Amino acid sequence: MSPDATRSRWSFTVQAPEFKVQGWCPGALRPMESGDGLVVRIRPRCASFTARQLLGIASAALQHGNGVVELTARANLQLRGVTQASHGPLLTALRALDLLDSDPAIEGRRNVVLSPWRSAEDAELAMELYNAIAQGPDLPGKFGFALDLGSQRVLGTTSADIRLELGAEGMILRADGCSGGARVTRDTAVPEAMRMARWFVESGGVSEGRGRMAAHLKRAALPFDTSQLPMPEAAEIVPGQRDDGALIAFEFGILRAEALSNLAKQIAEVRMTPWRMLFLPGATMPDLPGAIIGPDPRLKVYACTGAPGCPQALQETRALARRLAPLVTGVLHVSGCGKGCAHPATADVVLSATRQGFALAQNAKAGAEGVVLKPSEITLETLAKAM
């Protein structure tokens, strides 16, 4: 169908900036208010939880929240439905599990994503990086680091500003937005990463408390070597049984506390991933109803909390995303507003909520201009016509 014919069938809109960009992520010590209460994010050190910690988190989620546990794109867990009255007791429970930082400032800076297929040396490097970040420059709330040092590079599309990866000749330091990076060693990796962070701040990368590396590099020249290329990105990661353990996923990255408790009783360790999956090193596939353990169309569908759980959302999102999952080839993103929290990157099909319905766009990010459809109008036929 021609663009003119499509315009005559449906109206076009530009997503209005009706949302507020917070510029920071919630933490445990600094939760974020939402439509269903406080959102409390737990940042595990080295992106790993023990079975004991998982059991404690599950109990705390039921006792102090609404029992909903979410896997985040930064390889963290977050609890929903926490109240102002229950937040204090929740922190006491998390402190007993050794899951709290000393203060909100340090907690907010500790944005480090690790490959789930890491070595013990990688974990030690992450701890060194945590300590350096705590004493380093004042970075924006969403500024992050990625340690992608497994046998395959798997974090290339994960949100991060400074990356430690493997190249043909060993470890490299790469700024997000650059195709290549500088050769570093285990001894120089963290000091050089922090030197890059200081350059970012000193060269004007932060404005009003916000800033990301890739955007800054469009305005500033990076004074670092960029000659070393990283190893190619690994093939698509799919949940299932592996030689080194089990990888399980959850629809929209959500599971109930009861399921988390059930899982904790069957394993020794869980490593978080930024793909709404959990890696269980050395384990066989657990018996966990509701888990996704193989190829599934829902793995390519992203949907935020939506209305009424998020006060900024203009429409309900997840029922629509679930219905459309089998109909869309490629990545589908259903966003409750134009902010795109669930999937900041480009999607093959994106539906951004407006007060009138959803703006449908192709190969775009949330908030893109598109054909506006009511949820009831979005079918396989209308998707095909509009695109």
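Keep in mind that what you see is a predicted model, and the values were worked out from it rather than measured.
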Problem - Salt bridge Asp101-Arg45, side-chain N to carboxylate O under 4.0 Å - result: yes

Problem - Minimum side-chain heavy-atom gap Leu71-Phe250 below 4.5 Å - result: yes

Practice task
Following the transitive rule for hydrophobic clusters with a side-chain heavy-atom cut-off under 4.5 Å over Ile, Leu, Val, Met, Phe, Trp and Tyr, establish whether Met272 and Ile248 coincide in one cluster.
Solution key: yes

Handout entry: Between NE2 on residue His87 and CD on residue Gln84, distance to nearest 0.5 Å
Key = 8.0 Å

Handout entry: Under 3.5 Å donor-acceptor, Asn111 side chain and Lys142 backbone
Key = no

Handout entry: Ring centroid separation Tyr302 to Phe252 under 6.0 Å
Key = no

Handout entry: Check: Pro137 and Glu202 side chains under 4.5 Å, non-hydrogen atoms
Key = no

Problem - Arg271 NZ/CZ over Phe279 ring centroid, <6.0 Å and within 45° of normal - result: no

Handout entry: Value rounded to 0.5 Å, distance of CG in Leu373 from CG in Leu351
Key = 7.5 Å

Exercise for the section: Could you label the plane-to-plane angle of the Trp199 and Phe224 rings as parallel, tilted or perpendicular, counting under 30° as parallel and over 60° as perpendicular? Expected result: perpendicular

Handout entry: Donor-acceptor pair, side chain of Gln362 and main chain of Asp348, under 3.5 angstrom
Key = no

Exercise for the section: Please report the closest heavy-atom contact between Ile293 and Met285, naming both atoms and the distance. Expected result: CG2-SD, 3.4 Å

Handout entry: Sidechain-backbone polar pair: Gln78 side chain, Thr72 backbone, donor-acceptor under 3.5 Å
Key = no

Exercise for the section: Take Ile172 and Val184 through the side-chain contact (heavy atoms from CB on, under 4.5 Å) test and state the conclusion after the steps. Expected result: CA-CA 5 Å; Ile172 67 171; Val184 293; 5.6 Å; no

Exercise for the section: Please answer whether the main-chain N or O of Thr83 pairs with a side-chain N or O of Ser86 as donor and acceptor at a distance below 3.5 Å. Expected result: yes

Handout entry: Backbone N/O of Ile378 and side chain of Arg323: donor-acceptor pair under 3.5 Å
Key = yes

Practice task
Assess whether side-chain hydrogen bond (donor to acceptor under 3.5 Å, both in side chains) is satisfied between Asp225 and Ser227, documenting all intermediate values.
Solution key: CA-CA 6 Å; Asp225 179 23; Ser227 60; 2.8 Å; yes

Exercise for the section: May I ask you to decide whether Arg30 forms a salt bridge with Asp103, counting only side-chain N to carboxylate O separations under 4.0 Å? Expected result: no

Handout entry: Co-membership, hydrophobic cluster, residues Leu327 and Val331, 4.5 Å side-chain
Key = no

Practice task
Report yes or no: does Arg276 contribute a side-chain atom to a donor-acceptor pair with the main-chain N or O of Leu299 at less than 3.5 Å?
Solution key: yes

Handout entry: Note, Trp117 side chain near Gln152 side chain (heavy atom, < 4.5 Å)
Key = no

Practice task
Identify whether the distance between the nearest side-chain nitrogen and carboxylate oxygen of Asp148 and Arg163 falls below 4.0 Å.
Solution key: no

Exercise for the section: Check whether any side-chain heavy atom of Ile267 lies under 4.5 Å from a side-chain heavy atom of Leu54, and answer yes or no. Expected result: yes

Handout entry: Between CD1 on residue Ile162 and CG on residue Leu173, distance to nearest 0.5 Å
Key = 6.5 Å

Problem - Interatomic distance, Lys339 atom NZ to Ser352 atom OG [nearest 0.5 angstrom] - result: 13.0 Å

Handout entry: Gap separating the CG atom of Asp161 from the CG atom of Leu139, nearest 0.5 angstrom
Key = 8.5 Å

Exercise for the section: Could you tell me whether the side chain of Arg210 and the main chain of Pro140 form a donor-acceptor pair under 3.5 Å? Expected result: no

Exercise for the section: Using the rule that two of Ile, Leu, Val, Met, Phe, Trp, Tyr join whenever any of their side-chain heavy atoms come within less than 4.5 Å, decide whether Ile254 and Val69 are in one cluster. Expected result: no

Fill in the blank from the handout: Smallest heavy-atom separation, Gln53 atom then Leu97 atom, equals NE2-O, 3.0 Å

Problem - Residues Thr305, Arg318; criterion side-chain contact (heavy atoms from CB on, under 4.5 Å); working and verdict - result: CA-CA 7 Å; Thr305 302; Arg318 285 174 175 161; 4.0 Å; yes

Handout entry: Side-chain heavy atoms of Arg186 within contact of Leu149, under 4.5 Å
Key = yes

Exercise for the section: Using the rule that two of Ile, Leu, Val, Met, Phe, Trp, Tyr join whenever any of their side-chain heavy atoms come within less than 4.5 Å, decide whether Leu55 and Ile42 are in one cluster. Expected result: no

Problem - Ion pair check, Glu192 and Arg195, cut-off under 4.0 Å - result: yes

Exercise for the section: Look at the side chain of Glu316 and the backbone N and O of Ala307, then say whether any donor-acceptor pair between them is shorter than 3.5 Å. Expected result: no

Practice task
Evaluate the side-chain hydrogen bond (donor to acceptor under 3.5 Å, both in side chains) criterion for residues Gln241 and Thr284: first the C-alpha distance (whole Å), next the side-chain angles of each, then the deciding distance (0.1 Å), finally the verdict.
Solution key: CA-CA 7 Å; Gln241 186 66 54; Thr284 56; 5.3 Å; no

Handout entry: 4.5 Å side-chain heavy-atom contact, Glu269 and Thr50
Key = no

Handout entry: Arg80 side chain to Ser34 backbone, donor-acceptor under 3.5 Å
Key = no

Fill in the blank from the handout: In terms of heavy-atom contacts, Arg183 and Gln228 come closest through N-CG, 4.0 Å

Practice task
Locate the shortest heavy-atom distance separating Arg74 from Ser159; write the atom from each residue and the value.
Solution key: NH2-OG, 3.5 Å

Problem - Heavy-atom check, side chain of Met213 versus side chain of Met196, under 4.5 Å - result: yes

Fill in the blank from the handout: d(Cys310 SG, Met32 CE) to nearest 0.5 Å is 9.5 Å

Handout entry: Test side-chain contact (heavy atoms from CB on, under 4.5 Å) applied to Lys300 and His333, step by step
Key = CA-CA 8 Å; Lys300 293 187 176 181; His333 181 195; over 6 Å; no

Handout entry: Minimum heavy-atom distance Arg118-Ser48, with the two atoms named
Key = NH2-CB, 3.3 Å

Handout entry: Presence of salt bridge, Glu251 and Arg322, under 4.0 angstrom
Key = yes

Handout entry: Greater than 12 external heavy atoms within 6.0 Å of Leu62's CG
Key = yes

Exercise for the section: Report yes if the side chains of Leu99 and Ile57 come closer than 4.5 Å at any heavy-atom pair, otherwise no. Expected result: yes

Practice task
Please test Glu258 against Asn262 for side-chain hydrogen bond (donor to acceptor under 3.5 Å, both in side chains), starting from the C-alpha separation and ending with a verdict.
Solution key: CA-CA 6 Å; Glu258 294 88 346; Asn262 184 1; over 6 Å; no

Practice task
Verify side-chain contact (heavy atoms from CB on, under 4.5 Å) between Tyr130 and Ile106, making sure each step is shown before the conclusion.
Solution key: CA-CA 9 Å; Tyr130 292 150; Ile106 291 177; over 6 Å; no

Handout entry: Under 3.5 Å donor-acceptor, Gln312 side chain and Cys337 backbone
Key = no

Practice task
Give the cluster check for Val113 versus Leu125: same hydrophobic cluster or not, with ILVMFWY residues linked at side-chain heavy-atom distances below 4.5 Å.
Solution key: no

Exercise for the section: Considering non-hydrogen atoms only, spot the tightest contact between Ala160 and Arg212 and give its length. Expected result: N-NH2, 3.9 Å

